[in-house]
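For reference, the structure discussed in these notes is given below.
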Amino acid sequence: MASISLKHINKIYPGKEQVHAVQDFNLEIADKEFVILVGPSGCGKSTTLRMIAGLETITEGDLLIGDTLVNDVPPKDRDIAMVFQNYALYPHMTVYENMAFGLSLRRIPKDEIKERVTEAAKSLDIEHLLNRKPKALSGGQRQRVALGRAMVRHPKVFLLDEPLSNLDAKLRTQMRSVIARLHMTLGTTFVYVTHDQIEAMTMGDRIVVMKDGFIQQVDTPTNLYHYPTNLFVAGFIGSPRMNMFEGVLVKEKDYYTVDLEGNKLIIPSEKNRNGKLEAYLGKKIKIGIRPEDINESAIEAPNHYRVTLENSEMMGSEILVYFNFAGTDVIGKFSPDTPVKPGSETIFSINTAKAHIFDIETGNVITN
């Protein structure tokens with residue numbers, strides 16, 4: 001097994017207009033860790049994965065797998081296995097032959113190949129498919145075959161590039177469990193790329209959030225959710241999205257408020273740890289509130305407001321409600337037995353103890 005070290009990695013695509021796809025990327029991935037690279041299309045996550053695989057050259061920086069510098073080591077000698085978005089199975093081969101092909105090229109004895117393929121097929125519940133060809137398989141079954149083909153090689157590192165993006169929602173949920181279980185069983189280092197933050201939040205030990213080739217934040221799923229370092233991370237992580245309000249920070253007697261077009265939002269004193277808010281008095285800031293911290297209320301009190309509902313969605317265990325407040329389109333989560341109807345008035349409350357406050361110019365967090 002192996003750790004991975006990326007030190008000041010840059011990737012520049014030459015041409016009339018140079019593209020700086022990955023910029024000063026620094027990351028230490030521990031042996032047996034499951035790390036997920038997440039971000040919007042074009043952020044550099046797949047390029048980074050391909051540099052680890054050796055499928056893209058590194059413009060600047062050092063890449064180590066274990067203690068070995070691998071910048072100039074060809075992919076076949078890096079002891080990695082990669083699972084692609086499109087499965088990349090040979091259509092003329094059976095499932096068994098697809099899984100065994102790489103081992104045959106390495107001249108592994110046939111008995112050992114059979115043992116490895118059978119073991120991998122059993123763990124992925126595809127033993128009954130070994131004699132079928134890819135065209136006779138569902139998308140989920142093909143993905144399991146692609147995983148099995150990587151497993152039989154016993155690599156030091158697994159690289160997975162958006163492996164679930166071609167599956168429907170139900171299959172994606174099933175395969176997330178399969179991959180998470182596979183990681184625990186194999187005890188191998190996993191690096192996984194996705195644009196789906198739900199995949200990232202449910203699978204990874206740590207998540208690397210990327211934007212425009214830069215790392216925005218590296219942390220555990222829990223810390224990313226509760227302690228985003230900037231507006232981009234706050235808006236990207238979480239479904240539905242975080243609500244963002246723009247207002248002026250004001251101090252009234254012993255407490256702070258945010259003036260949202262005349263609506264005063266009281267901020268708990270603990271949000272001013274180490275006096276971080278003092279420098280922003282009288283200035284515009286952004287305050288982020290997640291939908292689960294906007295709830296129905298039966299009373300009018302501080303941080304409670306009356307609005308007209310625009311739309312609602314019954315989700316079973318909760319109702320998502322949509323309305324406009326202080327010039328901002330808002331999503332809240334109400335309990336499922338709340339009577340809501342478009343056009344009706346309701347009172348909602350904001351739990352500012354869970355608020356995230358950001359510098360409007362830099363986008364960096366002031367306090368979580």
Side-chain angles (χ1 to χ4, degrees), residues 197-198 201 209 216-217 219 221-252 255-273 276-277 280-281 283-313 315 317-336 338 340 345-368:
Q197 56 96 15
I198 294 177
M201 293 293 284
V209 183
Q216 301 295 306
Q217 187 172 351
D219 219 323
T222 299
N223 284 345
L224 276 179
Y225 192 80
H226 294 295
Y227 307 105
T229 59
N230 58 37
L231 282 167
F232 176 79
V233 176
F236 191 82
I237 298 296
S239 181
R241 59 170 175 77
M242 183 184 288
N243 299 288
M244 290 292 179
F245 303 94
E246 187 175 311
V248 177
L249 186 67
V250 179
K251 191 171 185 180
E252 299 185 5
Y255 57 89
Y256 294 86
T257 64
V258 179
D259 188 338
L260 305 174
E261 297 188 354
N263 298 284
K264 291 185 177 180
L265 195 59
I266 298 173
I267 305 300
S269 58
E270 58 266 25
K271 291 294 179 186
N272 191 35
R273 292 183 296 272
K276 290 181 178 180
L277 294 179
Y280 292 89
L281 287 175
K283 297 181 180 179
K284 281 190 174 182
I285 52 89
K286 280 205 172 184
I287 180 166
I289 307 288
R290 294 206 180 273
E292 59 265 34
D293 299 316
I294 295 179
N295 310 115
E296 74 280 5
S297 177
I299 60 169
E300 296 196 46
N303 292 348
H304 290 61
Y305 310 92
R306 185 179 292 274
V307 292
T308 300
L309 295 183
E310 296 177 351
N311 196 12
S312 65
E313 296 177 348
M315 306 299 289
S317 61
E318 63 198 9
I319 300 175
L320 297 182
V321 294
Y322 299 81
F323 54 89
N324 190 279
F325 173 68
T328 300
D329 290 329
V330 178
I331 304 174
K333 287 187 179 182
F334 287 14
S335 62
T338 306
V340 294
E345 279 199 348
T346 189
I347 300 172
F348 76 96
S349 65
I350 296 179
N351 181 5
T352 53
K354 299 288 186 69
H356 309 266
I357 301 177
F358 301 91
D359 185 309
I360 203 167
E361 294 180 1
T362 66
N364 293 330
V365 70
I366 302 168
T367 182
N368 279 309

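Everything numeric in this text was worked out from a predicted model, so none of it was measured. Values below: all heavy atoms of this structure, side chains included; hydrogens, waters and symmetry mates excluded.
- Atoms CG and CG, on Asn351 and Asn303 in that order, are 8.5 Å from each other to the nearest 0.5 Å.
- A donor atom on one side chain and an acceptor atom on the other are found under 3.5 Å apart for Ser335 and Glu296.
- Heavy-atom minimum distance, Met244 versus Thr328: O-CG2, 3.2 Å.
- Taken to the nearest 0.5 Å, the CD1 atom of Ile294 stands 10.5 Å off from the OH atom of Tyr305.
- The two residues Lys251 and Tyr256 have their closest heavy-atom pair at NZ-OH, 3.8 Å.
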Residues Asn324, Glu310; criterion side chain to side chain donor-acceptor pair (under 3.5 Å); working and verdict = CA-CA 8 Å; Asn324 190 279; Glu310 296 177 351; 5.0 Å; no
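- Minimum heavy-atom separation, Ile366 to Phe358: CD1-C, 3.6 Å.
- Using modelled atom types, one side-chain atom of Arg273 and one backbone atom of Asn368 make a donor-acceptor pair closer than 3.5 Å.
- Interatomic distance, Glu318 CD to Phe334 CZ, rounded to the nearest 0.5 Å: 12.0 Å.
- Across all non-hydrogen atoms, the minimal contact from Leu231 to Asp359 is CD1-O, 4.4 Å.
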Starting from the C-alpha separation in whole Å, work towards a yes-or-no answer on side chain to side chain contact (heavy atoms under 4.5 Å, CB included) for Glu270 and Asn272.
-> CA-CA 5 Å; Glu270 58 266 25; Asn272 191 35; over 6 Å; no
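- Contact between Leu277 and Thr367 at its shortest, heavy atoms only, is CD2-CG2, 4.1 Å.
- Val307 is listed as a side-chain neighbour of Thr346, based on a closest heavy-atom distance under 4.5 Å.
- A heavy-atom distance below 4.5 Å is not found between the side chains of Asn364 and Thr229.
- In this structure, Ile267 and Ile287 have side chains that are in contact, with non-hydrogen atoms separated by less than 4.5 Å.
- Taking CD from Glu313 and CD1 from Ile319, the interatomic distance works out to 11.0 Å, rounded to the nearest 0.5 Å.
- Partners of Lys284 by salt bridge (charged side-chain N to carboxylate O under 4.0 Å, His left out), not counting sequence neighbours, listed by chain and number: Glu246.
- Using a cutoff of 4.0 Å between basic side-chain nitrogens and carboxylate oxygens, Glu292 and Lys354 are not scored as salt-bridged.
- Using a 4.5 Å heavy-atom threshold, the side chains of Lys333 and Leu320 count as touching.
- Ser349 places a side-chain heavy atom less than 4.5 Å from the side chain of Asn295.
- In this structure the side chain of Pro228 never reaches within 4.5 angstrom of the side chain of Ile237, judged on heavy atoms.
- Residues Ile331 and Asn243 meet the side-chain proximity criterion, which asks for heavy atoms closer than 4.5 Å.
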Between Phe236 and Leu224, does a side chain to side chain contact (heavy atoms under 4.5 Å, CB included) hold up when you go through it step by step?
-> CA-CA 10 Å; Phe236 191 82; Leu224 276 179; over 6 Å; no
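- Side-chain atoms of Asp329 and Tyr322 form no donor-acceptor pair, as typed in the model, at a separation below 3.5 Å.
- The nearest pair of heavy atoms linking Leu260 to Gly247 is CD2-CA, 3.9 Å.
- Taking the six-membered ring for Trp and thresholds of 30 and 60 degrees, Phe245 and Phe325 have ring planes more than 60 degrees apart, a perpendicular arrangement.
- No side-chain N or O of Tyr227 forms a donor-acceptor pair with one of Asp219 less than 3.5 Å apart.
- Note that CD1 of Ile266 is 11.5 Å distant from CD1 of Ile350, once rounded to the nearest 0.5 Å.
- Residues Ile360 and Ile285 form no side-chain contact, since every pair of their non-hydrogen atoms from C-beta on lies 4.5 Å or further apart.
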